Amino acid sequence: MNKLLCEKNALKASVIVSILLAFPTMTVGAMHIMEGFLPPLWCIAWGALCIPFIVKGFFSIKKKVAGNSKTLLLLAMCGAFAFVLSALKLPSVTGSCSHPTGVGLGAVLFGPTSMSVIGIIVLLFQAILLAHGGLTTLGANTFSMGIAGPFAAFGVYWLFKKLKTPVGVAIFLAAFLGDLFTYVVTSFQLAFAFPDPSGGVIVSAVKFLGVFAVTQIPLAISEGILTVVVYQGIKKYSRPELEELQAI
């Protein structure tokens, strides 16, 4: 019964992804950081920083899905969840856009390093198929959305779980703060590459944060609520798998 429900959920996620892929593509100059926007040195540096996390994440996934195909289905659902949410580009101020990240759910279920692998796969497909982000900025976008955000989400979830906070509250705060931290890191990535002529990196980072804060806070709240709803649904039908992953 659980296997059938998991297969149905995976099928639904695939349908949603297919619908999104049918949308017309467009280029935006914002989150993720678009193709060709960063100087080559920063593209190489952020890409190099991602490598150890991705290698660690690959072996973490291999260990967790070994001998249990249902766990692999859950991982695929987390990837589809992140792909769909992070592809929802919404208008922001100053001609930019914002979007949810969807990485908090996977970070809670599979750990932060696993989401580095999911994150780079999601971002690679979005860069190629949706013109969202870019190949030269893949390392920078992976570091912010696939590494920094999931680590923040997992840390928040672990902390509030230790404090005996209701699981729904812990999940909400993990997804909410993981989303916001992704944009904080992205703002600093842009500030490092383009420091303010008079105020330096900090002043530039404040300017970038100000651009996204207006729309990102309500988006992060929405993502937190949606993540709680999806987590409760997974717990209802896949409780043994969540117990195996120590995510319950």
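Basis for what follows: all heavy atoms, side chains included, without hydrogens, waters or symmetry-related copies. Note that the structure is a prediction, hence the values are computed from the model and not measured.
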Next item on the list: Check for a donor-acceptor pair, side chain of Ser238 on one end and backbone N or O of Lys235 on the other, with a separation under 3.5 Å.
Entry: no

Item checked: Flag side-chain contact, heavy atom, 4.5 Å: Glu243 against Arg239 -> yes

Notebook entry, point to check: Does Ile44 belong to the same Ile/Leu/Val/Met/Phe/Trp/Tyr cluster as Phe143, with side-chain heavy atoms less than 4.5 Å apart forming each link?
Noted result: no

Notebook entry, point to check: Does the side chain of Ser114 pick up a donor-acceptor pair with the side chain of Ser60 at under 3.5 Å?
Noted result: yes

Notebook entry, point to check: Less than 6.0 Å separating the ring centroids of Phe37 and Phe194?
Noted result: yes

Next item on the list: Please confirm whether the backbone N or O of Asp179 pairs with a side-chain atom of Glu223, one donor and one acceptor, at under 3.5 Å?
Entry: no

Next item on the list: Could you tell me whether a side-chain N or O of Thr142 sits under 3.5 Å from a main-chain N or O of Leu138, the two making a donor and an acceptor?
Entry: yes

Next item on the list: Using side chain to side chain contact (heavy atoms under 4.5 Å, CB included) as the criterion, point out the one residue from Leu245, Leu105, Ile118 that pairs with Phe110.
Entry: Leu245

Check: Can you check whether Thr227 reaches Phe81 side chain to side chain, under 4.5 Å on heavy atoms?
Finding: yes

Check: If you draw a 6.0 Å radius around NZ in Lys161, do more than 12 non-hydrogen atoms from other residues or ligands fall strictly inside?
Finding: yes

Notebook entry, point to check: Where does the angle between the aromatic ring planes of Phe192 and Phe188 fall among parallel (under 30°), tilted (30 to 60°) and perpendicular (over 60°)?
Noted result: tilted

Next item on the list: Could you go through the side chain to side chain donor-acceptor pair (under 3.5 Å) check for Thr71 and Glu241 one step at a time?
Entry: CA-CA 6 Å; Thr71 305; Glu241 286 71 37; 6.0 Å; no

Item checked: Test item: Glu35 side-chain N/O and Ala131 main-chain N/O as donor-acceptor pair under 3.5 Å -> no

Check: Do the two ring centres, one from Phe151 and one from Phe53, sit under 6.0 Å apart?
Finding: yes

Next item on the list: Indicate if Leu109 and Leu159 have the same hydrophobic cluster label, given that clusters are the connected sets of ILVMFWY residues with side-chain heavy-atom separations under 4.5 angstrom.
Entry: yes

Next item on the list: Compare all side-chain heavy atoms of Ile147 with those of Pro112 and state whether any distance is below 4.5 angstrom.
Entry: no

Check: Do Val185 and Gln189 have side-chain heavy atoms sitting under 4.5 Å apart?
Finding: yes

Check: Judged by atom type as modelled, is there a donor-acceptor pair below 3.5 Å linking the side chain of Gln126 to the main-chain atoms of Gly133?
Finding: no

Item checked: Student check: side-chain heavy atoms of Trp46 and Thr137 closer than 4.5 Å -> no

Notebook entry, point to check: Is Val229 reachable from Tyr237 through a run of I, L, V, M, F, W or Y residues, each pair having side-chain heavy atoms under 4.5 Å apart?
Noted result: no

